[in-house]
Amino acid sequence: MLTPERHQLIVTLVKEKDIVRIHELVEATGASESTIRRDLSELEEQRLLKRVHGGASVLQSKIEEPTILEKSVKHEREKLAIAKYAASLIKPHDSIFIDAGTTTYQMLPYLPYDNIMVVTNGVDIALQLIKRNIRTILLGGELKAATLSMVGRDAITALSQYRFDKCFLGINGIDQHHGLTTPDPDEAYVKQLALQFSDERFVLSDSDKFSRVTFAKVGDLQGITVITDDGLSQEEQQVYGRLSTLKVVKA
């Protein structure tokens with residue numbers, strides 16, 4: 001395969017899958033790993049993709065955020081496995097914060113107890129919790145239509161009044177150098193406070209969010225348990241396992 005053909009195939013695969021691992025590109029092109037790494041460097045210089053740890057991702061704006069509908073149809077199997085494991089960590093009488101998000105939403109059918117207290121900034125999450133007769137506090141504030149989350153000064157003021165046994169957060173980017181990030185600074189601050197006010201801190205993320213960086217920093221990886229699927233390579237698991245507590249569940 002000629003270099004221009006290989007480059008075109010790589011760019012096409014990245015656009016189709018959002019993120020592609022090096023071993024996938026080796027299989028698709030028949031080229032060596034060193035050749036693929038060189039290709040990725042050249043394509044990144046041309047602003048056609050972004051190199052990430054172990055592969056390449058589509059080039060996106062740091063402030064661009066998919067809608068809740070767009071996110072809900074991606075990586076459904078992985079999100080379900082992550083959510084089921086996360087729900088199993090809840091104990092009777094826990095006070096917990098459940099962040100707005102499509103992966104955290106998947107936890108709700110699997111919550112093992114109804115004698116818990118839940119605070120959330122997710123409108124759709126609050127509605128489902130009430131149907132299960134779970135004591136629920138929905139933060140006030142400005143409703144963000146794209147994610148159905150409550151943000152802003154009122155949400156922050158309300159959240160500051162509570163303390164949690166556990167928090168479960170969604171995230172847009174996890175990176176070994178930049179930590180946890182999300183596109184919206186208002187949502188980032190809500191997540192920051194939830195981490196600050198929780199005894200145990202869990203971040204729910206499918207493996208495609210790794211080595212991604214978005215606009216607003218939420219926090220560092222230290223002291224966080226990241227629950228993810230088995231799409232990470234062994235090398236990636238080792239890297240992120242040194243920076244956080246990494247729990248990999250089979251999708």
Side-chain angles (χ1 to χ4, degrees), residues 14 17-22 24 44 49-66 68 70-72 74-83 85-86 89 97-107 147 149 166-185 187-196 198 200-251:
V14 169
K17 302 184 68 173
D18 286 346
I19 188 167
V20 182
R21 306 295 175 187
I22 285 177
E24 295 177 280
E44 185 176 48
L49 51 74
K50 175 180 172 57
R51 289 199 67 180
V52 297
H53 187 74
S57 72
V58 66
L59 199 63
Q60 291 180 330
S61 164
K62 284 183 170 54
I63 62 172
E64 180 183 357
E65 182 167 14
I68 196 166
E70 291 169 330
K71 289 190 284 189
S72 66
K74 287 186 174 182
H75 312 296
E76 293 178 86
R77 187 179 74 256
E78 291 84 353
K79 289 178 179 179
L80 181 60
I82 292 165
Y85 177 80
L89 300 173
F97 179 82
I98 298 182
D99 188 22
T102 53
T103 308
T104 48
Y105 183 87
Q106 295 279 10
M107 291 175 61
T147 57
S149 60
K166 302 176 179 77
C167 69
F168 298 90
L169 304 185
I171 207 69
N172 294 78
I174 300 178
D175 182 78
Q176 61 177 314
H177 303 296
H178 300 283
L180 306 168
T181 56
T182 197
D184 186 341
E187 288 201 9
Y189 195 40
V190 171
K191 295 176 194 287
Q192 288 170 14
L193 289 182
L195 291 173
Q196 180 181 338
S198 298
E200 296 181 75
R201 298 171 286 275
F202 300 94
V203 171
L204 283 57
S205 173
D206 61 77
S207 56
D208 277 358
K209 304 285 179 56
F210 283 74
S211 299
R212 287 194 176 186
V213 180
T214 56
F215 181 64
K217 183 167 182 176
V218 172
D220 295 320
L221 288 166
Q222 288 77 12
I224 304 292
T225 297
V226 180
I227 307 172
T228 189
D229 59 80
D230 53 357
L232 293 178
S233 68
Q234 287 298 316
E235 181 185 0
E236 289 172 312
Q237 290 184 33
Q238 290 173 3
V239 168
Y240 287 99
R242 287 194 293 265
L243 298 171
S244 66
T245 300
L246 188 68
K247 174 59 182 178
V248 176
V249 296
K250 186 172 179 58

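All values below come from the heavy atoms of this structure, side chains included, with hydrogens, waters and symmetry mates left out.
Considering every non-hydrogen atom in both Ile224 and Ser244, the closest pair reads O-CB, 3.4 Å. Closest approach of Lys217 to His178, counting heavy atoms only: CE-O, 3.6 Å. The heavy-atom pair separating Gln176 from Tyr240 by the smallest distance is N-OH, 3.3 Å. The two residues Leu232 and Gln237 come nearest to each other via the heavy atoms O-NE2, 3.3 Å. Of all heavy-atom pairs between Ala83 and Leu204, the closest is CA-CD2, 4.4 Å. Scanning all heavy atoms of the two residues, the minimum distance from Val203 to Ile171 falls at CG1-CG2, 3.8 Å.
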As a quick check of understanding, evaluate side chain to side chain contact (heavy atoms under 4.5 Å, CB included) for Lys247 and Thr228, giving each step before the final call. CA-CA 6 Å; Lys247 174 59 182 178; Thr228 189; over 6 Å; no
What's the verdict on side chain to side chain contact (heavy atoms under 4.5 Å, CB included) for Glu200 and Thr225, showing C-alpha distance, side-chain angles and the deciding distance? CA-CA 8 Å; Glu200 296 181 75; Thr225 297; over 6 Å; no
Going through the distances and angles, do Arg212 and Asp175 end up as a side chain to side chain contact (heavy atoms under 4.5 Å, CB included)? CA-CA 6 Å; Arg212 287 194 176 186; Asp175 182 78; over 6 Å; no
Output, in order, the C-alpha distance, side-chain angles, deciding distance and verdict of side chain to side chain contact (heavy atoms under 4.5 Å, CB included) for Arg21 and Ser233. CA-CA 9 Å; Arg21 306 295 175 187; Ser233 68; 6.0 Å; no
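When side chains are defined from C-beta on, Leu180 counts as touching Ile174, because their heavy atoms get closer than 4.5 Å. The shortest side-chain heavy-atom distance between Leu195 and Cys167 falls under the 4.5 Å cut-off. The side-chain heavy atoms of Val190 and Phe97, taken from C-beta on, include a pair separated by under 4.5 Å.
With hydrogens and angles disregarded, a donor-acceptor distance shorter than 3.5 Å links the side chain of Thr104 to the backbone of Asp99. Between the side chain of Ser198 and the main chain of Arg201, no donor-acceptor pair closer than 3.5 Å is present. With hydrogens and angles disregarded, a donor-acceptor distance shorter than 3.5 Å links the side chain of Asp229 to the backbone of Gly231. A donor-acceptor pair is defined here as one N or O able to donate and one able to accept, closer than 3.5 Å; no such pair exists between the side chain of Glu78 and the backbone of Asp206.
In this structure, a donor-acceptor pair under 3.5 Å is absent between the side chains of Thr182 and Lys191.
To the nearest 0.5 Å, atoms CD (Glu236) and CD (Gln234) are separated by 10.0 Å. The CE atom of Met107 sits 7.5 Å away from the CD1 atom of Ile227 when rounded to the nearest 0.5 Å. Residue Thr103 holds its OG1 atom at 5.5 Å from NZ of Lys209, rounded to the nearest 0.5 Å. Note that the CD1 atom of Ile98 and the OH atom of Tyr105 stand 12.0 Å from one another [nearest 0.5 Å].
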